[in-house]
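Both ligands and their constituent atoms are indexed starting at 1 by order of listing. Heavy atoms only: backbone and side chains are in, while hydrogens, waters and symmetry mates are out.
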Amino acid sequence: MASLLDNTSELKTFVLVEGHGVKGLSELKIKTLPELFIQPVEKRLDMSKVVPYESIPIIDMSNSDDPKVRDAICDAAEKWGFFQIVNHGVPLSIIEDVKDATHSFFALPAEEKKKYLFKNSPTKNIRFVTSFIPEVDKVLEWKDYLSCFYVSDDESMAFWPSVCRDQILEYLKNSESLIKELLEVLMQRLGIPKLDETNQGILMGSRRINLNYYPVCPNPELTVGVGGHSDVSTLTVLLQDETGGLYVRKLDSDNWVHVPPLKGSLTINIGDALQILSNGRYKSIEHHVVANGTTNRISVPIFVNPRPSDVIGPLPQVINRGEKALYKQVKYSDYVKHFYRKSHNGKDTIDFAMV
Ligand SMILES: COc1cc(/C=C/C(=O)SCCNC(=O)CCNC(=O)[C@H](O)C(C)(C)COP(=O)(O)OP(=O)(O)OC[C@H]2O[C@@H](n3cnc4c(N)ncnc43)[C@H](O)[C@@H]2OP(=O)(O)O)ccc1O
Ligand SMILES: O=C(O)CCC(=O)C(=O)O
Ligand SMILES: [Fe+2]
């Protein structure tokens, strides 16, 4: 084991090539974090900047036709870019099943998970990854994930791992009406009365679901689970377990707020695509996940996106009201490729679309 930990190339082979991931490394019960994962101080979360007395809004959606609830959603999207929802209509049993399925996938032997590594995967729509982009990240993040781009039920049945695919598909189906409702509410404030065939594609034409696994880490203070970043989605529906560890930057400040686990809740965050489409009215906010010294953590984000071929820019209904466009028109797949070409670095992806 000593040679594995001292030799970066052997370590990379074990973690990235043989399918062990950081979970496999954590299970060796190593006492100190290998250098490969030690993040520069400026990439770690400065806990002295966490404000314990503030929290993102919690919105009860049981009466979602109520104008007060609809206003609360839009206000949260403008002022926080992040909010938690309860009574959202996605059955608790479906949520529990997808959490169990996530554990089942990561409990598979390395030999099995290895089949989904980018170079072995039968399709580019599914990949098992450690860190964010190990080919680009100089220092690795303490996270393994399975990323699944939804194309069709048939494609998923053919290629997704059988231990988790049915539960993921059920979760995707059962969250669809919630996603439509949230987007409809957000569009109404922009002067767009409803979701229809003219706007549905650009707002929710593709979905990617990630199963994230953050294993116990020997020196959590020296690394990150996920470095500071904003999502490139329209919006993200995030399911987290009871561990905690997600922090959100407070708008226009240097302070961070914890997103506490709340049984049965889902966390919603605005992504870069909706910040661009709304010409900056809705905010895509930087967030960060810390590593944990005692508990394995899972989370499951659904990234709701434009279609890869869509060209995104400030919506005409927003610009026609006289606002100056803050962003140019960019092809969404170019935007996402730019995101995947560099390591996490706060909010810098959106510079790609700045006028
Ligand atoms: C925080 O930690 C994260 C976050 C995330 C993701 C966050 C999001 O917000 S994901 C939302 C992503 N949006 C979509 O998936 C939208 C729809 N998809 C597309 O636009 C396209 O499928 C595409 C992603 C652009 C891929 O285009 P395509 O040309 O068809 O395919 P490729 O040639 O395979 O890929 C091009 C380029 O991107 C790299 N890449 C693609 N997918 C991934 C991926 N899932 N993970 C890492 N890298 C990916 C690929 O390697 C290519 O790179 P080159 O350098 O060779 O050009 C996710 C993970 C986190 O940890
Ligand atoms: O694990 C979490 O709570 C958040 C993960 C995240 O930000 C992401 O996958 O984009
Ligand atoms: Fe994220």
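Here SG of C74 is found 8.0 Å from CZ of R70. Values are rounded to the nearest 0.5 Å. Atom CE of M157 is separated from atom OG of S152 by 11.0 Å, given to the nearest 0.5 angstrom.
F339 and F132 have their aromatic ring centers within a separation under 6.0 angstrom.
Note on K68 versus D75: no salt bridge recorded, every NZ/NE/NH1/NH2 to OD/OE distance being 4.0 Å or above.
Within ligand 2, counting atoms from 1 as listed, the ones closer than 4.0 Å to a heavy atom of V289 are 1 (O), 2 (C), 3 (O), 4 (C). Residue contact check: P301 has heavy atoms under 4.0 Å from atoms 9 (O) of ligand 2. For ligand 2, the atoms sitting less than 4.0 Å from at least one non-hydrogen atom of H287 are 7 (O), numbered in the order shown with element in parentheses. Within ligand 2, counting atoms from 1 as listed, the ones closer than 4.0 Å to a heavy atom of N212 are 5 (C), 9 (O).
Here Y214 has side-chain heavy atoms under 4.0 Å from ligand 2, and that is the only part of it that gets that close. Under 4.0 Å from ligand 2, not a single heavy atom of V259 appears.
In this structure, OD1 of D231 and NE2 of H229 enclose an angle of 90° at the Fe ion (ligand 3), rounded to 10°.
Ligand 2 has at least one atom lying under 4.0 Å from a heavy atom of F303.
Close N/O approach between D231 and ligand 2 is found [any backbone or side-chain N/O within under 3.5 Å]. Considering backbone and side-chain atoms together, R297 places an N or O closer than 3.5 Å to an N or O of ligand 2.
Within 6.0 Å of atom NZ in K43, more than 12 heavy atoms from other residues, nucleotides or ligands are found, so the atom counts as buried in its surroundings.
Counting only residues at least two apart or on different chains, no salt bridge (Lys or Arg N to Asp or Glu O under 4.0 Å) pair has a member in residues 8-22.
At least one side-chain heavy atom of R297 sits under 4.5 Å from a side-chain heavy atom of Q240.
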